[in-house]
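Every number for a ligand or one of its atoms is a count from 1 in the order of the listing. Here the structure is a predicted model, which means the values were calculated and not measured.
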Amino acid sequence: MAVSGYEEILKYYELHETIGTGGFAKVKLARHLLTGEKVAIKIMDKLALGDDLPRVKIEIDAMKNLSHQHICQLYHVIETSKKIFMVLEYCPGGELFDYIVSKDRLSEEEARVFFRQIVSAIAYVHSQGYAHRDLKPENLLIDEEHNLKLIDFGLCAKPKGGLDYHLNTCCGSPAYAAPELIQGKAYIGSEADIWSMGVLLYALLCGFLPFDDDNVMGVYRKIMRGKYSIPKWLSPSSTLLLNQMLQVDPKKRITVKHLLSHPWLMQGYSDAVLWQSKYALAHLDEDCVTELSVFHKQSRETILELISEWKYDQMSATYLLLQSQKARGKRVCLKVPCQTAHASTTQSSGLESEKTMTHEGMPDCSEVLCVFESVDFSDAASLLQESLLEEFILHTYRTKQNSRHDAQLDDTEFTLSTAVTRKVASKKQENKENVDTESGLGNEILFVLPAPETPFTTNKNEMQVHTIPYQAPAFKEKQFTRVTPVKKPTKPTNTDELTAAEVLPERRCYSVESDLDQAHVDGSQKKRKAKIFGSLERGLDKVITMLTPSKKRRSTRDHPRTLKAHYNVTTTQLLNPDQLLNEIMTVLSKKNVEYVQKGYTLKCQTRSDFGKVTMKFELEVCQLSKPEVVGIRRQRLKGDAWVYKRLMEDILSSCDM
Ligand code: 6BB
């Protein structure tokens with residue numbers, strides 16, 4: 001029986017930390033078990049989606065139809081009764097927005113490199129009959145090779161009669177919206193996209209928006225007038241191009257066809273922008289097909305047929321990830337994932353021979369720990385609301401032999417990684433609930449404790465809850481609740497004898513997850529608490545012996561992480577990380593930013609006057625090696641990117657560093 005909604009995805013992927021939470025989706029980093037490739041997974045809760053469910057269907061349909069070097073590749077779609085998972089290309093460079101902010105603005109040369117890629121992606125999207133309708137630097141990610149990938153097709157449109165047909169829905173972000181769109185007129189999707197690209201180009205070259213104001217009506221008034229300032233550093237040719245794109249009358253606006261060979265885009269290039277897709281999905285890669293056929297013990301013909309169906313299932317994902325592996329010069333090679341070998345290969349591809357796979361190399365999954373903090377839900381929900389509840393840790397597991405991938409997903413490789421535990425968090429938001437699995441490395445256990453007054457006197461691995469004075473911390477009672485590990489089953493000799501419940505480590509934590517999922521359905525808080533704590537307490541006694549002092553000590557992180565210089569890291573002149581941490585916390589309190597301290601990471605959030613969480617971000621004090629100073633890593637998780645930029649500037653300039 002499906003309980004958490006995560007069973008299906010865990011058959012194929014190892015989930016890592018959450019890197020973004022949007023209106024109705026969250027994005028997690030993960031690893032595909034068969035190829036070992038990194039991916040990003042967009043997770044949506046169907047119940048929470050409500051009326052937005054059609055948008056998800058539109059996005060999935062669009063992404064299945066679009067395959068291009070500058071569009072984030074969709075690999076796999078999993079729909080369960082509770083969740084929709086979209087497995088997508090991994091873009092470790094993060095958002096173009098953060099990149100621009102880190103550099104203040106881009107040089108004309110660098111902006112041109114990026115803008116050619118944006119024009120390429122949009123020309124392709126339009127050629128396929130779609131309009132994106134939400135173009136902005138937050139929706140362009142940077143991949144490993146520093147190339148842009150367009151994301152978020154949730155607002156895209158494909159008019160039945162073709163792109164020349166008018167659209168009516170006003171959507172997208174106000175600052176990037178074309179005048180005809182905000183006027184509520186019928187508009188042509190491709191023309192509206194060109195306007196947004198003009199705003200985007202302006203943001204690349206200037207580092208701020210052409211039409212900006214403190215309130216949305218002000219923004220709209222400026223857009224309607226179509227007047228913007230031209231900073232002195234803009235060259236005449238870029239000024240001309242911006243003017244051609246930011247024409248209030250859509251009929252006077254430059255077309256994508258003319259953009260492809262526009263003089264500004266051609267400077268330093270001999271060829272017009274190449275917009276055709278470089279990926280020919282009709283032609284299948286020989287090596288990848290061979291590897292799949294050897295692995296599955298099936299004929300090449302069978303494999304070719306299965307891939308060609310493009311069902312965006314495990315077969316599509318494995319093929320596309322193998323292909324991406326090969327394109328990066330890596331060996332095309334599938335591996336039997338040790339922890340979930342059985343489940344990941346037998347469940348969905350329908351290949352008979354897979355059932356004969358043996359369990360050699362199955363890890364000892366006996367050390368499974370689930371940690372949970374017991375908190376009065378009703379009070380916590382009303383006072384701290386959704387985000388602090390996310391910090392509840394529901395499970396941690398460790399597999400002794402499965403560290404091979406983890407080592408690579410460690411924080412040295414991408415600076416966003418902070419998690420040291422695998423956790424499932426409960427998120428309560430009004431009547432919406434999401435169950436979420438976060439993971440990290442090793443076998444550490446995260447402790448959640450009441451906040452001592454000063455950060456200096458505390459163990460850096462403890463979590464502290466800080467809110468502005470009139471919003472006192474709401475944790476009523478603090479205690480550890482530990483869920484028992486399940487004993488490793490006797491190794492079966494035949495895979496058919498092995499049930500998923502016996503093998504999968506994630507299953508072992510479902511008592512907790514299922515209770516939480518159940519909790520949101522049955523509505524009654526009393527019942528909810530009883531279920532959650534009942535299940536947790538049942539496990540408490542059994543696991544208590546495992547939490548020896550030595551284990552606690554091992555999980556303690558009393559020093560900041562060492563990170564490489566990155567555009568999301570601000571360097572300081574300070575040498576003492578504790579001093580910097582204290583300084584930031586003082587500034588955050590002054591600026592009415594709520595935060596939770598976890599080691600050297602501060603999980604921050606702001607609220608509107610009505611108490612709604614408007615922004616979530618992380619600040620982490622880190623150690624830099626060259627020069628040997630301390631720095632601050634910042635990461636926006638939720639909220640308007642430009643408001644975040646201003647807040648960051650305000651916070652960082654107020655810190656004495
Ligand atoms: C995606 C991604 C793909 O992320 C919060 C929202 C792909 C994200 C990524 C990254 C940083 C490091 C490693 C990987 C498709 N849709 C959305 C996606 C949205 C988040 C981007 C960051 N800010 N790779 N990555 F962003």
Side-chain angles (χ1 to χ4, degrees), residues 13-32 37-44 55-56 58-60 62-64 66-68 70-77 84-102 121 132 134-156 173 312 317 320-321 324 408-419 436 438-440 563-564 566-569 603 605 615-618 620 633-645 648:
Y13 301 89
E14 182 183 276
L15 296 188
H16 291 257
E17 71 267 35
T18 300
I19 55 156
T21 53
F24 54 85
K26 72 173 59 185
V27 179
K28 281 178 175 294
L29 299 185
R31 201 181 279 278
H32 182 243
E37 287 288 290
K38 292 175 209 164
V39 294
I41 306 186
K42 196 164 163 177
I43 304 167
M44 287 145 293
R55 271 174 63 174
V56 178
I58 288 171
E59 174 164 38
I60 292 173
M63 295 199 82
K64 282 182 178 176
L66 300 170
S67 181
H68 186 269
H70 296 300
I71 296 176
C72 189
Q73 181 66 48
L74 176 70
Y75 298 129
H76 198 166
V77 180
I84 298 174
F85 301 91
M86 291 172 70
V87 181
L88 296 144
E89 188 173 350
Y90 179 80
C91 304
E95 295 175 12
L96 176 61
F97 177 85
D98 292 312
Y99 188 76
I100 304 170
V101 167
S102 72
H132 186 278
D134 198 17
L135 287 172
K136 53 183 179 180
E138 298 91 304
N139 283 342
L140 285 151
L141 301 184
I142 302 173
D143 76 2
E144 243 156 351
E145 269 105 45
H146 205 64
N147 287 318
L148 290 184
K149 305 279 173 166
L150 182 60
I151 59 163
D152 213 340
F153 285 78
L155 294 179
C156 82
S173 309
Y312 290 85
L320 289 167
L321 288 165
S324 147
Q408 285 165 28
L409 260 175
D410 203 346
D411 37 43
T412 48
E413 194 165 337
F414 50 88
T415 55
L416 294 156
S417 165
T418 56
D436 156 29
E438 287 197 11
S439 83
L563 299 180
K564 289 181 194 151
H566 186 272
Y567 60 77
N568 273 352
V569 179
K603 297 188 169 228
Q605 67 180 30
M615 181 113 63
K616 278 189 196 182
F617 58 95
E618 279 182 17
E620 180 186 1
R633 179 191 66 88
R634 51 182 196 282
Q635 167 74 48
R636 181 174 61 90
L637 294 171
K638 175 184 180 169
D640 182 89
W642 295 95
V643 177
Y644 162 77
K645 176 187 184 250
M648 278 309 104

Side-chain donor-acceptor contact under 3.5 Å, Lys136 with Ser173: yes
Structural part of Cys91 in contact with ligand 1, heavy atom criterion under 4.0 angstrom: both
Atoms in ligand 1 with a heavy atom of Glu89 nearer than 4.0 Å: 7 (C), 24 (N)
Sub-4.0 Å heavy-atom contact, Glu138 with ligand 1: no
Distance-minimising heavy-atom pair for Lys149 and Cys91: CG-SG, 3.8 Å
Sub-4.0 Å heavy-atom contact, Glu95 with ligand 1: yes
Aromatic plane relationship, Phe97 with Trp642 - under 30° parallel, 30 to 60° tilted, over 60° perpendicular: perpendicular
Nearest non-hydrogen partners of Val39 and Leu321, listed with the distance: CG1-CD2, 3.9 Å
Contacting atoms of ligand 1, where contact means under 4.0 angstrom from a heavy atom of Cys72: 3 (C), 15 (C)
Numbered atoms of ligand 1 (with element) below 4.0 Å of Tyr90, judged on heavy atoms: 13 (C), 14 (C), 24 (N)
Heteroatom distance test (Gly94, ligand 1): nitrogen or oxygen, under 3.5 angstrom: no
Part of Asp152 with heavy atoms under 4.0 Å of ligand 1, whether side chain, backbone, both or neither: neither
Proximal atoms of ligand 1 relative to Gly20 (non-hydrogen, under 4.0 Å): 5 (C)
Residue pair Tyr75 / His32, side-chain donor-acceptor N/O under 3.5 Å: no
Shortest non-hydrogen contact from Lys28 toward Ile43: CD-CD1, 3.4 Å
Region of Ile19 that comes within reach of ligand 1 [heavy atoms, distance under 4.0 Å]: both
All ring pair (Phe, Tyr, Trp, His ring centres under 6.0 Å) counterparts of Tyr312, not counting sequence neighbours: none
